[in-house]
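Have a look at the structure below before the remarks.
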Amino acid sequence: MQKYIMALDQGTTSSRAILFGKNGEMAAVSQKEFTQYFPENGWVEQDPKEIWASQMSVMMEARETLGIPVEEIAAIGITNQRETTIVWNKETGEPIYPAIVWQCRRTADRIDALKAEGYDTVIREKTGLIADPYFSATKIEWILDHVDGAREMAEQGKLYFGTVDTWLIYKLTGGRVHATDYTNASRTMLFNIHTLEWDKELLEKFRIPESMLPEVHNSSEIYGYTDERLFGGSIPVAGVAGDQQAALFGQCCFEPGDTKNTYGTGCFLLMNTGDRAVYSEHGLLTTIAIGLNGKVQYALEGSVFVAGAAIKWLRDEMKLIEKASDTERIALSVKDSNGVYVVPAFTGLGAPYWDAYARGAILGLTRGTTREHIVRATVESLAYETYDVLKAMENDSGMELKRLRVDGGASANNFLMQFQADLLAGEIVRPVVTETTALGAAYLAGLAVGYYDSIEEIKQNWQVERIFEPQIDEEMRRMLLSGWENAVKRVLL
Ligand SMILES: Nc1ncnc2c1ncn2[C@@H]1O[C@H](COP(=O)(O)OP(=O)(O)O)[C@@H](O)[C@H]1O
Ligand SMILES: O=P(O)(O)OC[C@H](O)CO
């Protein structure tokens, strides 16, 4: 039996490669940040070639760390930032425009127009999504409308579209495979989550030729084999899932009602709803949780656009901290935020508000406000945003969520986790492996090649590292929450 599965976690801000052993232990990790471009207010772009180069370099580095031959890697699993849109030339493999990142708001006007004609209802019915610039459809349309000659090329069948998983599969297989999985397809706003097909009416509405779209496969199956020239041997690419769905899988949330929150660049709360596509009345998305053996499970999702990104903003733009982890010590150096609230609506507000035009604010400033208060309030904002989504989820599912599994970079922050438990008046459960996104991809790939026999076997790997219990009284909780509610009202348009 080969020893490792390699998971590629292509996130919004960095590419990672992790070699996992059978028990889900991380044998080697390599990570590289890449450039974010903000060419205009509210726009976010990345360079697809840099995404690929960074991904390739971390794969090499992780393998070198262990010094293992390619034969020791049983399979590759891919998990990725979702919705981010890449369009490339089929013949040359060259992208015709930078990747338009999920956070980019450039198509807000187009969404307004769709809403004005009531088309958001059709979108919701078919795709489970709330019409928003977040998803791929209007980004593809924008590229076809704005890049010289793009529409003609698309109509002549000369262009491919892909989310980042598709781009990586294409590059890994030497251009032989153009495919995605059900979870990623469900984020394009073009995929019918009930019939499990690209939706012809939506394609027509956005004037996107079907020939551009990838084939849609199960999240766990062999997609193809890596080009021999890359690693000197070929490895099956056998697992693919959008990063939030992969994290749900990596957290072993296999049963209806199982819920996780990932604190990464954004915050993403997902609840498995089994074979029922539950529709929210509180601004949550209905999406595909996983596709296995031709069948899908659904999830309810609350997407918060800016979470860890606000911590990065403290570091890079405000220069209030040197590194993200400083925020824990700084937050704990003051007894509270002194009435300060930070609403990090830098790219609008996602669930449950969905206001593409809202922008961030710092409220409650007094002459006594210090850097520490602002840092603390920024960290606290991640917990407030999560609280709003969790309440919406409870209302929609009719379930009281008293335990939440957490992961993602910012879940390492003990202050944040404690504050979260306080706000939710419930338990926050942090597993030993918080790289659950990559782990989920590894599990999916491992299942496809027989490295794992069953989901039951995988379940044995999940272990708790720490549980955070609520520590504040109800009166304090209510006071904190009402301050947040007022702050959010101020930024909504
Ligand atoms: N100790 C910490 N406290 C608060 N935020 C943190 C901490 N460590 C990392 N972060 C934030 O978490 C994010 C990175 O998490 P990660 O899961 O790697 O994100 P992504 O996959 O979206 O790139 C960054 O935005 C960073 O600012
Ligand atoms: O890169 P992450 O981990 O912030 O995830 C981004 C999401 O997939 C966007 O929907």
Side-chain angles (χ1 to χ4, degrees), residues 7-16 18 29 31-34 36 44 46 51 54 79-85 99 101-104 129 132-136 139 163-165 183-184 186-189 241-248 250 260-270 285 287 299 301-318 320-332 344 346-347 350-351 375-376 378-383 406-420 430 434-441:
L8 313 185
D9 179 2
Q10 206 305 303
T12 311
T13 55
S14 71
S15 298
R16 249 180 299 223
I18 303 184
V29 185
Q31 171 165 1
K32 196 169 175 157
E33 290 206 6
F34 56 89
Q36 311 287 322
V44 190
Q46 294 165 357
I51 293 178
S54 62
T79 180
N80 54 291
Q81 52 168 324
R82 306 165 304 167
E83 302 94 11
T84 296
T85 296
V101 179
W102 57 276
Q103 296 152 319
C104 188
L129 304 173
D132 194 84
Y134 177 22
F135 306 104
S136 315
K139 299 183 197 292
T163 39
V164 177
D165 55 315
T183 67
N184 276 294
S186 75
R187 314 299 296 187
T188 57
M189 218 162 81
D243 55 9
Q244 303 312 321
Q245 284 90 338
L248 192 69
K260 69 89 199 175
N261 192 25
T262 300
Y263 300 79
T265 303
C267 258
F268 298 90
L269 237 149
L270 269 76
L285 309 174
T287 201
E301 169 174 328
S303 335
V304 169
F305 298 143
V306 174
I311 309 292
K312 277 213 159 129
W313 167 78
L314 286 179
R315 185 191 70 183
D316 300 341
E317 277 75 26
M318 294 295 104
L320 291 180
I321 55 170
E322 269 178 31
K323 49 187 192 312
S325 58
D326 292 347
T327 54
E328 181 171 334
R329 178 182 44 79
I330 297 172
L332 287 167
F346 303 148
T347 57
V375 169
R376 179 167 170 138
T378 307
V379 180
E380 289 181 353
S381 72
L382 277 61
V406 297
D407 53 58
S411 72
N413 189 313
N414 294 317
F415 164 74
L416 170 61
M417 294 300 103
Q418 183 56 53
F419 193 72
Q420 189 74 81
R430 190 167 64 192
T434 51
E435 293 286 356
T436 52
T437 301
L439 187 58

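Heads up: numbering here begins at 1 and tracks the sequence. Whatever order the structure lists them in is the order used to number ligands and atoms, beginning at 1.
Distances between N or O atoms of Asn80 and those of ligand 2 include no value under 3.5 Å. For ligand 2, the polar-atom distance check finds an N/O of Gln244 within less than 3.5 Å of one of the ligand's N/O atoms. In terms of polar-atom proximity, defined here as any N/O pair under 3.5 Å, Gly266 makes no such contact with ligand 1. Taking distance alone, with nitrogen or oxygen atoms compared against 3.5 Å, Arg82 approaches ligand 2 more closely than that limit. Taking distance alone, with nitrogen or oxygen atoms compared against 3.5 Å, Thr265 approaches ligand 1 more closely than that limit. When only interatomic distances are considered, the shortest N/O to N/O separation between Gln31 and ligand 1 does not fall below 3.5 Å.
Contact annotation: for Arg16 versus ligand 1, heavy atoms closer than 4.0 Å belong to the side chain alone. With a 4.0 Å heavy-atom cut-off, ligand 1 is reached by no atom of Ala307. Contacts with ligand 2 closer than 4.0 Å are made by side-chain heavy atoms of Glu83 only, the backbone lying farther away. Residue contacts with ligand 1, taken as heavy atom pairs separated by less than 4.0 Å, involve Thr327 solely via side-chain atoms from C-beta onward.
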Quiz item: Can you check side chain to side chain donor-acceptor pair (under 3.5 Å) on Arg187 and Thr287, steps first, answer last?
Solution: CA-CA 8 Å; Arg187 314 299 296 187; Thr287 201; 2.9 Å; yes
Practice problem: Kindly determine whether Ser15 and Gln10 satisfy side chain to side chain donor-acceptor pair (under 3.5 Å), including the steps that lead there. | Solution: CA-CA 4 Å; Ser15 298; Gln10 206 305 303; 3.1 Å; yes
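Of the protein's heavy atoms, Ala324 CB, 3.7 Å lies nearest to atom 10 (N) of ligand 1. The protein heavy atom nearest to atom 16 (P) of ligand 1 is Gly409 N, 3.7 Å. Among protein heavy atoms, the minimum distance from atom 3 (O) of ligand 2 is reached at Asp243 OD2, 3.0 Å. Considering only non-hydrogen protein atoms, atom 12 (O) of ligand 1 sits nearest to Ala410 N, 3.5 Å. If you check which protein heavy atom lies closest to atom 23 (O) of ligand 1, you get Thr13 OG1, 2.8 Å. When only non-hydrogen protein atoms are considered, atom 1 (O) of ligand 2 lies nearest to Thr12 OG1, 2.5 Å.
Set against the non-hydrogen atoms of Gly408, the atoms of ligand 1 under 4.0 Å away are 17 (O). Distances below 4.0 Å separate heavy atoms of Gln81 from the following atoms of ligand 2: 1 (O), 8 (O). Within ligand 2, the atoms closer than 4.0 Å to a non-hydrogen atom of Thr265 are 4 (O), numbered from 1 in the order shown.
Note on ligand 1: Glu328 sits outside its first shell, no heavy atom being nearer than 4.0 Å. Residue contacts with ligand 1: Gln81 is excluded, as none of its non-hydrogen atoms falls under 4.0 Å.
Aromatic ring orientation, Tyr134 versus Phe305: perpendicular (interplanar angle above 60°, classes split at 30° and 60°).
Residues that satisfy the ring-ring contact (aromatic ring centres under 6.0 Å, His included) test with Phe135, not counting sequence neighbours, are absent from this structure.
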Table please: side-chain donor-acceptor pairs of residues 308-318 below 3.5 Å, with sequence neighbours left out.
from	atom 1	to	atom 2	distance (Å)
Lys312	NZ	Thr13	OG1	3.4

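Taking OG1 of Thr85 as the start and NZ of Lys139 as the end, the distance is 6.0 Å to the nearest 0.5 Å.
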